[in-house]
2 protein chains.
Amino acid sequence: MTSNNPPDHKAISALRIERPQNLRELVQDAMREAILDLRFAPGERLVERTLCAQLGVSRTVVREVLRFLEAEGLVEITPTGPAVTRIKPEEAEQIYEIRMLLEGMAAAACAEHATRADLKILKQAIDDLGTARDTGDARLSMKATARFYQHVFAVSQKTVAWKVVESLYVRINTLRAMTIRLSNRPTISVGEMKRIYAAIAAGDPEAARAAAVAHVQEASAAAQRTFAELEAAAAEDRPLTKENLS
Amino acid sequence: MTSNNPPDHKAISALRIERPQNLRELVQDAMREAILDLRFAPGERLVERTLCAQLGVSRTVVREVLRFLEAEGLVEITPTGPAVTRIKPEEAEQIYEIRMLLEGMAAAACAEHATRADLKILKQAIDDLGTARDTGDARLSMKATARFYQHVFAVSQKTVAWKVVESLYVRINTLRAMTIRLSNRPTISVGEMKRIYAAIAAGDPEAARAAAVAHVQEASAAAQRTFAELEAAAAEDRPLTKENLS
DNA sequence: CATGATAGTATGGTATACCATAATAGAACA
DNA sequence: TGTTCTATTATGGTATACCATACTATCATG
């Protein structure tokens, strides 16, 4: 019963063992999430030994993670040590500008290439976004949005651009979280996302691009409003910190 | 002789002490340069203890640097450990596509905002590029080019986009270095760079954008040729490694 | 009260030790 | 000769120790 056929590569892939995440990976995920959730405020010092105690790991792991987050732009090294990056208005504006270019490009390409199966996945993400919006669940809104865009970039085969956009997202996500805290105002417009989806479904690249750009423009305007509110608060001598954000 | 004037902030800034680079920073620079110079080939395993011996530092420093380079995309973690990232043709294509958008945008904005002093700096970089080209010095060519672009992005106040483009550059720089090795063919066209400069100097944003895009398109075509040559070499069962690249 | 000196503590930078797992080499066996 | 087993070495993951410097609190002095 010996067979001369080469091994079935699909069968071998199905047997592939998923390696458990090591401590470094776990801490990386935890730290990124904590920063995005504003559990560490922008500008807050990240003291290694304190993080060790909070996370229950050694300084080695903490330091390696800080290096990674530093390269990602979530953490900056100040003269007194690592701190959560503080995003400036000019930087945020630039980030939205780049997103307009890249998301517009991806939406247009997606409109050209999406299959029925793709549209189904995109629709599901939009529906999930609507549900999350109705229940006021900001975290789920963000996840549904990310899922939508991740798929748009995947369909249009622009994985590198997605990596770039994703890294820009994490840098402005603290700003979005602050917007929500300040105003209890959602930062994701379901209507705009629906317009992007509709243009993609209609196979209209230019409409998809325009809808994606308009959506980012609106997000940019919301961010400017947040900065204005932050400045007003600072001028009243009550800067917003981690404590008074909750 | 006591003065009631507040301290002169400019004078204080002039006294600011420049901190010496720590080991980690030094190793980071050294490793990045070594990767870009093809002293480590794409795909080559980066064994920590070997790097420690070569660099004369402890594993702590090496590991932290690897984390940073990993986040930058220069290093990937394989199941057997860290290795220099191997760039695929589809990725390179996407990188050039993003560069077209971002460099086009920056060139157009630079054409709108450049002062006489800016043009002088840009011209100097172009002249230096010409000199480096004439003397066949590829490293100086790359440096002059980087200086040109860094200033274009600075004038157009797109520092975030420059950070993105810079990180994309380091990922394709190994490809450029390979192109030079394979063909002794320069990858930077002085003529194209001059056209970008001329359009900026003429204050013509659309011409600047078009010239910048054309330049990236030419670089992309050169990269595809390099990949074709790498594939041909592999098909002849003589894959290009660090040894036979020199 | 302001300033300077001193001691103690906190913190980042770096090296080293320990451990688990993977990889390799060599020996034994069919 | 090919396969299996065992011992050894290599390697990454993680913790801990040590050191230099920065920061803070306290005390002494003018």
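Below, all heavy atoms of this structure are taken into account, side chains as well, without hydrogens, waters or symmetry copies.
Of the two residues contacting DNA chain C, namely R19(A) and G56(B), the nearest-nucleotide position lying further toward the 5' end is that of G56(B).
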Side-chain atoms of residues 45-57 of chain B: list all donor-acceptor pairs with protein atoms under 3.5 Å, sequence neighbours left out, distances to 0.1 Å.
residue: R45(B); atom: NE; partner: T80(B); partner atom: O; Å: 3.3
residue: R45(B); atom: NH1; partner: P82(B); partner atom: O; Å: 2.9
residue: R45(B); atom: NH2; partner: T80(B); partner atom: O; Å: 2.9
residue: E48(B); atom: OE1; partner: R59(B); partner atom: NE; Å: 2.9
residue: E48(B); atom: OE1; partner: R59(B); partner atom: NH2; Å: 2.7
residue: E48(B); atom: OE1; partner: R63(B); partner atom: NH1; Å: 3.3
residue: E48(B); atom: OE2; partner: R63(B); partner atom: NH1; Å: 2.6

Show the atom names and distances, to 0.1 Å, of all donor-acceptor pairs under 3.5 Å that link a side chain in residues 69-76 of chain A to residues at least two apart or in another chain.
residue: E70(A); atom: OE1; partner: R67(A); partner atom: NE; Å: 3.1
residue: E72(A); atom: OE1; partner: R32(A); partner atom: NE; Å: 3.3
residue: E72(A); atom: OE1; partner: R32(A); partner atom: NH2; Å: 2.8
residue: E72(A); atom: OE2; partner: R32(A); partner atom: NH2; Å: 3.0

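Between R139(A) and D37(A) a salt bridge is recorded (basic side-chain N to carboxylate O distance below 4.0 Å).
Residues F148(B) and L129(B) form no side-chain contact, since every pair of their non-hydrogen atoms from C-beta on lies 4.5 Å or further apart. Put simply, the side chain of R19(B) reaches to within 4.5 Å of the side chain of P79(A), judged on heavy atoms. Between Y96(A) and I172(A) the shortest side-chain heavy-atom distance falls below 4.5 Å.
E25(A) is linked by a side-chain contact (heavy atoms from CB on, under 4.5 Å) to Q21(A), N22(A), counting only residues two or more places apart in sequence or in another chain. Qualifying side-chain contact (heavy atoms from CB on, under 4.5 Å) partners for Q150(A), counting only residues two or more places apart in sequence or in other chains: A154(A), W162(A).
Of all the residues in residues 64-77 of chain A, E64(A) reach under 4.0 Å from DNA chain D with at least one non-hydrogen atom.
One finds no side-chain N or O of T60(A) lying less than 4.0 angstrom from the OP1 or OP2 phosphate oxygen of dT14(D).
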Between the protein and nucleotides 7-12 of chain D, list every N/O to N/O distance that falls short of 3.5 Å.
residue: dT11(D); atom: O3'; partner: R45(B); partner atom: NH2; Å: 3.3
residue: dG12(D); atom: OP1; partner: R45(B); partner atom: NH1; Å: 3.2
residue: dG12(D); atom: OP1; partner: R45(B); partner atom: NH2; Å: 2.9
residue: dG12(D); atom: OP2; partner: E48(B); partner atom: N; Å: 3.3
residue: dG12(D); atom: N7; partner: R49(B); partner atom: NH1; Å: 2.9
residue: dG12(D); atom: N7; partner: R59(B); partner atom: NH2; Å: 3.4
residue: dG12(D); atom: O6; partner: R49(B); partner atom: NH2; Å: 2.9

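Taking atom CG on L23(A) and atom C1' on dC19(C), their separation rounds to 13 Å, with Å as the unit. Computed from coordinates, the Q28(B) CD to dT14(C) C1' distance equals 15 Å when rounded to whole Å.
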